[in-house]
Number of protein chains: 2
Amino acid sequence: MAIDTIRWTGDAVRIIDQTLLPNELVYLDCKDVKTLWDAIKTLKVRGAPALGIAAAYGVVLGIKDYKGTDTPKFVKHVCDLCDYIGKSRPTAVNLFNALAQMRGLVLYNPDKPVQILKAVLEAEANAIFEEDRAVCRSMGKHGASLIKNGMTCMTVCNAGALATADYGTALGVFYAAKEAGKKFRVFALETRPLLQGARLTAWELQKNKIDVTLICDNMAASVMRNIGIDLIFAGADRIASNGDAANKIGTYMLGVLAKHHKVPFYIVAPKTTFDLKIKTGKDIPIEERSPEEVTHFGLRPTAPKGIKVFNPAFDVTPNELIAGIVTEYGIIRKLDAKNIRNVLTK
Amino acid sequence: MAIDTIRWTGDAVRIIDQTLLPNELVYLDCKDVKTLWDAIKTLKVRGAPALGIAAAYGVVLGIKDYKGTDTPKFVKHVCDLCDYIGKSRPTAVNLFNALAQMRGLVLYNPDKPVQILKAVLEAEANAIFEEDRAVCRSMGKHGASLIKNGMTCMTVCNAGALATADYGTALGVFYAAKEAGKKFRVFALETRPLLQGARLTAWELQKNKIDVTLICDNMAASVMRNIGIDLIFAGADRIASNGDAANKIGTYMLGVLAKHHKVPFYIVAPKTTFDLKIKTGKDIPIEERSPEEVTHFGLRPTAPKGIKVFNPAFDVTPNELIAGIVTEYGIIRKLDAKNIRNVLTK
């Protein structure tokens, strides 16, 4: 992989400043917690798995120069750090999960010397990082088994290396297929309004020498009909117990178009994306975002002043449109609550 | 109608400079042929019917200060004018049709005095203008009969007043329904890459006080599923004998989504849009446009340098996805070559 979205250098959290992509590839060394906090807040680093890793390493950053030896004071310091980092972005579940793991380590080990706790916390952050890599690789391997030589695939938004510590989810399938020596090509939807497909996915795939063609979202149907698509892979933000999958707006559109054109449509997501407390996609709340994302390009208006806008950031693809969900445990094809629970908890 | 896309003032062709929309509404008085030619070339005036009218009035502009009385010299002057105007844009059929009508008038009346020919040419240009208005009104009336109070409609690109001398095609249906006192609302797709939906349709409908909501193209499926759409109206650039309709990219996407969500999908187009020499949509050539339309916003790149792009400007919606074609003769519901020919030539 030619992309190091996030890593610990020993004294800094090194990230790619994603706000500058695709025009510039700039690595930013966050040497203190405040710099990292700002980077999370301003979307310099993004993507649920990458945010979990950033949060964990944020704790490591915040204790690296800690000089005291009093464990209770150190525990309080770590808890304060976690509270602070937790305020950077309110919605990323992985960020809170990672902080809960870090906090738990010190809370449940109040008798360990500070030096030991520091080492354990760094090891835990590394473990979160490594687990994400392993999960990405496993999903990639399972998904890549679907790709045959000469196939043409399609993807939407950025479910790639830039959202994780490694391969990504949907794009990980392409990376694994390429490493396995398969020849295929990919159509990437630009993904309005924020163009993650154009800015991030096109950049990632190009950098990894995967044959990628960028299209506008409204061209997907025409490409399926006139060029032919063999497989579609998309990521997910939250998956209900029955397999209904919330993902970036436009994913449901792809699901419907895939059904009409008889193209198998796969979701690629790890166990942590499933929310088994939720029965169906109807219970997944859909965030509506600012009208300016649609009416402006940068500061330039592209629609009349005062125009009404509907800007849902996500949509839900019902399980009947999904051929399977590619997880680190394999591909779940029978999408019902019982089978999904069995696979994920076996 | 609050929009005067094009009209003859008596000594100038007054157009709306569409390149400045939606940020500024500026009328441009073209007082000589060169100014009008440049306005056509640079898309200040656009839309097939509007271009036909612009070409006809261009001839009127070019003869308005003609002082000679020798008819053969005048005929040559008019033919030269037509040749010149015909070089402004190569693909708009209406432009050439209008010029052929103007040229024909002088060629077939070589014995009339110059003063008479000048008057006849101006009357012909006015007739082309008026015919477009009448056709728009008729399509609008037929289409509006489909809209019932409380309905939610959807449209794509700009098939509106800004493309014609009056109502437009698809948007004419909305204007006629509003004038008939019906209450309804419209979702307008922004229409990437050139955003005619955001820049022109949203502006037109807003200006005519029609309840319009702007969405990105990839939100159409989600709106159909979650909000509910009752009717879809789109324009067309060329319709084959069997009713397959070429229109702005994304129209076919809407056709497939409409079928899945059981939403009646109508094309609105005058007789002049039908190309009865062409059997099916497969024979309609699809223009591919510059990658920069997709990879840049203005001068700012939004995709990585050197990325491969597929940018078809149009797609073809097969007749089986179309509930009917709204023409000036009524709504053609049985879309086969025989029935279409019967309706259009009766």
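All chains are named by letter (A, B, ...) in the order of the sequence lines, taking the proteins before the strands, and each is independently numbered beginning at 1.
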Between A:Trp203, A:Phe310, A:Phe187, which has the largest tally of heavy atom pairs under 4.5 Å with chain B?
A:Phe310
ring-ring contact (aromatic ring centres under 6.0 Å, His included) between B:Phe265 and B:Phe233, intermediate numbers included:
CA-CA 6 Å; B:Phe265 175 83; B:Phe233 295 98; 9.3 Å; no
Answer yes if the side chains of B:Asn311 and B:Glu293 hold a donor-acceptor pair under 3.5 Å, and no otherwise.
yes
When heavy-atom pairs shorter than 4.5 Å are enumerated against chain B, which of A:Arg300, A:His261, A:Lys305 gives the highest number?
A:His261
With a 4.5 angstrom heavy-atom cut-off, which part of B:Ile227 approaches chain A: side chain, backbone, both or neither?
side chain
Under a 3.5 Å threshold, yes or no: a donor from one side chain and an acceptor from the other, between B:Thr280 and B:Asn242?
no
A:Thr191 (side chain) donor-acceptor with A:Val156 (main chain) under 3.5 angstrom
no
Could you tell me if B:Arg225 sits above the aromatic ring of A:Tyr252, with its cationic atom closer than 6.0 Å to the ring centre and no more than 45 degrees from the axis?
yes
Who among A:Leu195, A:Leu21, A:Asn226, A:Asn23 has the most heavy-atom pairs with chain B under 4.5 Å?
A:Asn23
Please flag which part of B:Leu321 lies under 4.5 Å from any non-hydrogen atom of chain A: side chain, backbone, both or neither.
side chain
I need the residue from B:Ile249, B:Asp315, B:Ile215, B:Val309 with the largest number of non-hydrogen atom pairs under 4.5 Å to chain A.
B:Ile249
Heavy-atom contact with chain A under 4.5 Å, split by part of B:Lys248
neither
About how many Å separate OH of B:Tyr27 and CG of B:Asp17, when rounded to the nearest 0.5 Å?
12.0 Å
